[in-house]
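Notes for the one structure printed next.
On a predicted model such as this, the values are computed, not experimentally measured, just so you know. Numbering starts at 1 and runs along the sequence shown.
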Amino acid sequence: MNIQEFRAQIKAVRESFPQHWEASRKFMAPEPLARNIPALIQSIQQADLVPSFQKRLIQVVEQFGQGIKTGEIHQDLKELTGLPPSKAFRALLVWGVLAVGEKEQSTEEHCSTEEMEGCLRESRNPYDILLQSGPPTLLDIGAGDLTFEQEIVDQYVSQLRARKTALKIHAFDRLTPGSRVGGVYHKNRERDHYLKSFPAEELTYQFWGGMDLEKFGHAKGVFSCYTMCTCHAPANPTFAYEPSRVDRQLIDDHLRATRGQSRLSRYEGEAVLEVSHQGQDLTFPPWKFDIVGPLALLQFMTQRSRVGVLSAIDDEVFWELLSQILADDGFRPRNKIFTNETRPTIFGDVYKELNSLAIGDRIDLARVSTFRDSMSSEKTPLTTPSFWPKFRYVEIRRGALWEGIPSSFTAKQFSHMEEETPPWWIIFLSDV
């Protein structure tokens, strides 16, 4: 069991035994804590954990039991469990002491990493993972009008109902509720009401508006680890340029040359970004040209989930994402924008192989090139450098829509976008 699987198991046990979670408060007092540290360590030793992870977990538990509660120990607990320090040790006590003998029943349906890889390789529909791993949880980034959420629910809730398993969906979007910009990409009220209408034993759903990647980690009620994390039509230019690779001035110059002049303004008292493009003045949310980069998106998804699905990815965002997955540093040249002219040279045989894919084709990326051991050794504003998992399996697909597979509103629009080439999918399973 790797760190992602352990986090998922910790979360499942804590949610499955609320009586033990409540009782764990009393076990944090010095005397009961000292009595139960040996039992907790024994549970860790008996668990099927990655050796390096197991060793670090035992060290942290021993130090905490000895009264060493420094900021570093608290940070270690957060990284190891995915929970805030105030809850992390209580969750470990529930998992390793209070629910021992009971937790096997609540976690026996969890897929191993090997089983998940097998499912992704064999199944045409990556969301079938939700039927293999319990309790199934999904986080959708940039949820827009909730088209995808409704299609997921319509396809899977009835199947999960027969298994007496509830689906849990969390979704967020950067658009501020009530904003006059964003149009059809705002949360659809009818779909929101529909998703909230299900009984809790079938579906729990929550949506956050005005939320970005950085803010999500501080939102109330979020899970530390989800079965799946999705992002449909990742925003361009937000994720189309990697700021650790390309200087901001160069990005701004490129945006002016390709998108037109832009300026912050106000519309009916609301902050907006006005862009002059091909003789038209277009209005966007004020953060439209904010650059986060593909590395931050990939790190967020791998730390928040076991399986990631990015769909309907346009060309610019796709090749930036791909450059962060592949091992060769030559795919990440300094201060060079990826364009139709530069991509064939920069990506070479990888470009030839992937660009030859027809709509409806899929390929195991490992057949084309090797993956990075970890995505970076530097700290970003959204993450800490510890436990950035590497990719165990990555699949590339071509095309916006796949029959029988839930999709987003934006994916359905690609057939009407004359300037866009066929988009991409990236489906990945992370490992440590």
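For the residue pair R14 / S24, no side-chain donor-acceptor distance below 3.5 Å is found, with atom types taken as modelled. No donor-acceptor contact under 3.5 angstrom links the side chains of R7 and N2, judged on distance only. With no hydrogens or angles considered, a side-chain donor-acceptor pair links S244 and E242 at under 3.5 Å. Side chain to side chain, Q59 and Q63 fail the donor-acceptor criterion of an N or O pair below 3.5 Å. Donor-acceptor pairing under 3.5 Å is recorded for the side chains of T342 and T339. With 3.5 Å as the limit, one finds a donor-acceptor pair spanning the side chains of D145 and T147.
Taking the six-membered ring for Trp, H254 and Y241 have ring centres closer than 6.0 Å. Side-chain rings of F409 and Y185 approach one another, their centers coming within less than 6.0 Å. Between F347 and F331, the distance from one ring center to the other falls under 6.0 angstrom. Aromatic rings of Y351 and F338 (six-membered ring for Trp) have centroids beyond the 6.0 Å cut-off, not under it. In this structure, F428 has its ring center no closer than 6.0 Å to that of Y393.
A 4.5 Å side-chain heavy-atom check between L273 and F289 finds at least one atom pair inside the cut-off. Residues T230 and I141 are not in side-chain contact: their nearest non-hydrogen atoms beyond the backbone lie 4.5 Å or more apart. Between I44 and V61 there is a side-chain heavy-atom pair separated by less than 4.5 Å. In this structure the side chain of Y156 never reaches within 4.5 angstrom of the side chain of L203, judged on heavy atoms.
Using a 4.0 Å cut-off between charged nitrogen and carboxylate oxygen, R334 and D247 count as a salt-bridge pair. For the pair R332 and D329, the salt-bridge criterion is met [side-chain N within less than 4.0 Å of a carboxylate O]. Note on D173 versus K187: no salt bridge recorded, every NZ/NE/NH1/NH2 to OD/OE distance being 4.0 Å or above. With salt bridges taken as basic N to acidic carboxylate O contacts below 4.0 Å, one links E114 and R392. Salt-bridge annotation for R245 and E320: present, with a side-chain N of the basic residue lying under 4.0 Å from a carboxylate O of the acidic one. Taking a cutoff of 4.0 Å between a charged side-chain nitrogen and a carboxylate oxygen, R306 and E117 do not qualify as a salt bridge.
Here the side chain of E149 pairs no donor or acceptor atom with the backbone of I169 at under 3.5 angstrom. Remark: the backbone N or O of E151 is not paired with any side-chain donor or acceptor of D154 at under 3.5 angstrom. Listed for the Q159 side chain is a donor-acceptor partner under 3.5 Å among the backbone atoms of Q155. With hydrogens and angles ignored, the 3.5 Å screen pairs no side-chain donor or acceptor of S123 with any backbone N or O of L120. Between the side chain of H186 and the backbone N or O of S179, at least one donor-acceptor pair lies under 3.5 Å. Side-chain atoms of T204 never come within 3.5 Å of backbone atoms of A200 as a donor-acceptor pair (strictly under, hydrogens ignored).
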Checking ring pair (Phe, Tyr, Trp, His ring centres under 6.0 Å) for the pair F172/F207: CA distance, chi angles, key distance, verdict? CA-CA 5 Å; F172 68 93; F207 174 89; 8.7 Å; no
I'd like to know whether Y205 forms a ring pair (Phe, Tyr, Trp, His ring centres under 6.0 Å) with F198, so could you lay out the CA-CA distance, the side-chain angles of the two residues, the decisive distance to 0.1 Å, and finally the verdict. CA-CA 9 Å; Y205 150 79; F198 284 79; 9.8 Å; no
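Interatomic distance, CZ of F216 versus CZ of F300, reported as 5.5 Å (0.5 Å rounding). Within the model, atoms CG of L255 and CD1 of I251 stand 7.5 Å from one another, a figure rounded to the nearest 0.5 Å.
Surrounding CD of Q45 are more than 12 heavy atoms belonging to other residues, nucleotides or ligands, all under 6.0 Å away. Few gaps surround NZ on K412; more than 12 heavy atoms of other groups in view lie less than 6.0 Å from it. Residue E403 qualifies as open at atom CD: its count of foreign heavy atoms under 6.0 Å is 12 or below.
The two residues H232 and S311 come nearest to each other via the heavy atoms ND1-OG, 2.7 Å. In terms of heavy-atom proximity, A171 sits nearest to A143 at CB-CB, 3.6 Å. When all heavy atoms of L310 and P234 are compared, the pair lying nearest together is CD2-CG, 3.9 Å. Nearest heavy atom pair, residue L131 against residue R163, reads O-NH1, 2.6 Å. Nearest heavy-atom pair, P135 versus T227, reported as atom, atom and distance to 0.1 Å: O-OG1, 3.7 Å. Considering every non-hydrogen atom in both N125 and R397, the closest pair reads N-NH2, 4.5 Å.
Below 30°, between 30° and 60°, or above 60°: for Y127 and F148 the angle between ring planes is between 30° and 60°, a tilted geometry.
Applying the side-chain hydrogen bond (donor to acceptor under 3.5 Å, both in side chains) rule to E22 yields the partners R25; only residues at least two apart in sequence or on another chain are considered.
Figure legend: K11 and F223 shown as a cation-pi pair, the cationic atom lying under 6.0 angstrom from the six-membered ring centre and within 45 degrees of its axis. Figure legend: R398 and W424 shown as a cation-pi pair, the cationic atom lying under 6.0 angstrom from the six-membered ring centre and within 45 degrees of its axis.
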